[in-house]
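Structure record follows, encoded as structure tokens.
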2 protein chains.
Amino acid sequence: MDRKTAKKLSECTCFNLRKASRAVTQMYEAALEPAGLRAPQFGILAAVAATKSVTITRLAEILVMDRTTLTRNLKPLTSRRLVKVLPGADRRSKKVELTKKGSETLLRAVPLHKGAQARIESGLDGQWPNMLSDLTRLIRVAQKS
Amino acid sequence: MDRKTAKKLSECTCFNLRKASRAVTQMYEAALEPAGLRAPQFGILAAVAATKSVTITRLAEILVMDRTTLTRNLKPLTSRRLVKVLPGADRRSKKVELTKKGSETLLRAVPLHKGAQARIESGLDGQWPNMLSDLTRLIRVAQKS
DNA sequence: AACAAACAGGTGTATATTCACATTATAACG
DNA sequence: CGTTATAATGTGAATATACACCTGTTTGTT
């Protein structure tokens, strides 16, 4: 259990994806810092903005995120009054919407995000679209297994 | 801020990497479950096994993981007596080693991990080596930005 | 020897992630 | 109509992640 193990680890899909995820997240969060948003928070705000109003379960589907993860992730956003959670159509469901402050924050974050994305894409010399389709396929494979 | 926002999000490197990371992690953790290991735990055990004995800082470098993250991640492993943390060369440093139980656990986990990796690679029709080099490049780009 | 710089490590705080389980509300059905 | 299944959400517990900051140790310089 020596060099061989180390080599296997360095080729492990999970290990490498998590590593890349950490590195890229840190880079995006540094970029988004002036807007005071973490990476998942930006995603949530953007998704809510795109729908105007969604239930929690539907939003989790859109974000491909565990529903209970989303529930927790909404907490710091509601505390900071960036989103509001209102009673939904049912007495079961709720709907999530942006507040004015949330819209403003998102508006401030979008150029920062765009800048980070542009830096990544330029660093990859146009390979990102390819990588994206590969990643999409990888997700499909992982979810089927 | 409508369809356009949603589209941007669906092309965001960070968002997609995190999504893929979640999906693949779940798949690997389901595979490793009989050994009672989470994905990062497997990585730590494998890295420790490959070195016999390492300091915490060095191990964090190997894993490309924040040092303080590693410190926390070692906790459940030491609690379960899979690794032991001993005084190092200095009075500053410590060394991390596998216990007997840790070796046994890793030995049980390796075939499970290999199976998961094989399923992923077969699902990707040999594209994984390409994707790996792309991911490596992506990490380099993110860390330079 | 005295002091500053660099090194190894830990803690506080906050967010993110997920599973198992619990709760309440609606829908379906016999 | 009452019972059962399904849907929407929340909570407890555990791990993961990382930044800012703190402590003690060694090294290097004068």
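Order of the sequence lines sets the chain letters (A, B, ...), proteins ahead of strands, with each chain counted from 1.
Listed for the E97(A) side chain is no donor-acceptor partner under 3.5 Å among the backbone atoms of S53(A). Between the side chain of Q117(A) and the backbone N or O of C12(B), no donor-acceptor pair lies under 3.5 Å. In terms of modelled atom types and a separation under 3.5 Å, the side chain of R22(B) and the main chain of V64(A) share a donor-acceptor contact. A distance-only check finds no donor-acceptor pair linking the side chain of N73(A) to the backbone of Q41(A) [under 3.5 Å]. In this structure, T136(A) contributes its side chain and L132(A) its backbone to a donor-acceptor pair below 3.5 Å. The backbone N or O of K75(B) sits less than 3.5 Å from a side-chain atom of S79(B), completing a donor-acceptor pair.
Ranked by how close their nearest DNA chain D nucleotide is to the 5' end, D66(B) and P76(B) are led by P76(B). Projected onto DNA chain D by closest heavy-atom contact, R80(B) and A89(B) fall at different nucleotides, the more 5' of which corresponds to R80(B).
Within the 4.0 angstrom heavy-atom criterion, base atoms lie near R72(B).
Sorted by residue number, the list of members of residues 20-36 of chain B with any non-hydrogen atom under 4.0 Å from DNA chain D is empty.
Here N73(A) does not reach the OP1 or OP2 of dT15(C): none of its side-chain N or O atoms lies under 4.0 Å away.
The aromatic rings of Y28(B) and H113(B) lie tilted to each other, with the angle between the two planes from 30° to 60°.
Residues I139(A) and M131(B) are members of separate hydrophobic clusters, defined by side-chain heavy-atom contacts under 4.5 angstrom among Ile, Leu, Val, Met, Phe, Trp and Tyr.
Remark: C1' of dA16(C) and CZ of R18(B) are 7 Å apart, rounded to the nearest angstrom. Rounded to whole Å, atom C1' of dA16(C) lies 9 Å from atom CZ of R38(A). Rounded to an integer number of Å, the gap from L63(A) CG to dT18(C) P is 12 Å. Protein atom CG of L74(A) is 14 Å distant from nucleotide atom C1' of dT17(C), rounded to whole Å.
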Give the intermediate values and the outcome of side-chain contact (heavy atoms from CB on, under 4.5 Å) for residues I120(B) and W128(B).
CA-CA 8 Å; I120(B) 288 282; W128(B) 172 239; 5.5 Å; no

Kindly determine whether E104(A) and K100(A) satisfy salt bridge (charged side-chain N to carboxylate O under 4.0 Å, His left out), including the steps that lead there.
CA-CA 6 Å; E104(A) 292 165 357; K100(A) 192 167 186 308; 2.9 Å; yes

Between protein and nucleotides 2-10 of chain C, map the contacts as a letter string: B base, S sugar-phosphate only, - none, heavy atoms under 4.0 Å, written 5' to 3'.
-----BSBB

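Along DNA chain D, the stretch of nucleotides lying under 4.0 Å from any heavy atom of chain B spans, 5' to 3', dT15(D) to dT26(D).
To the nearest 0.5 Å, atoms OG1 (T99(B)) and CZ (R80(B)) are separated by 10.5 Å.
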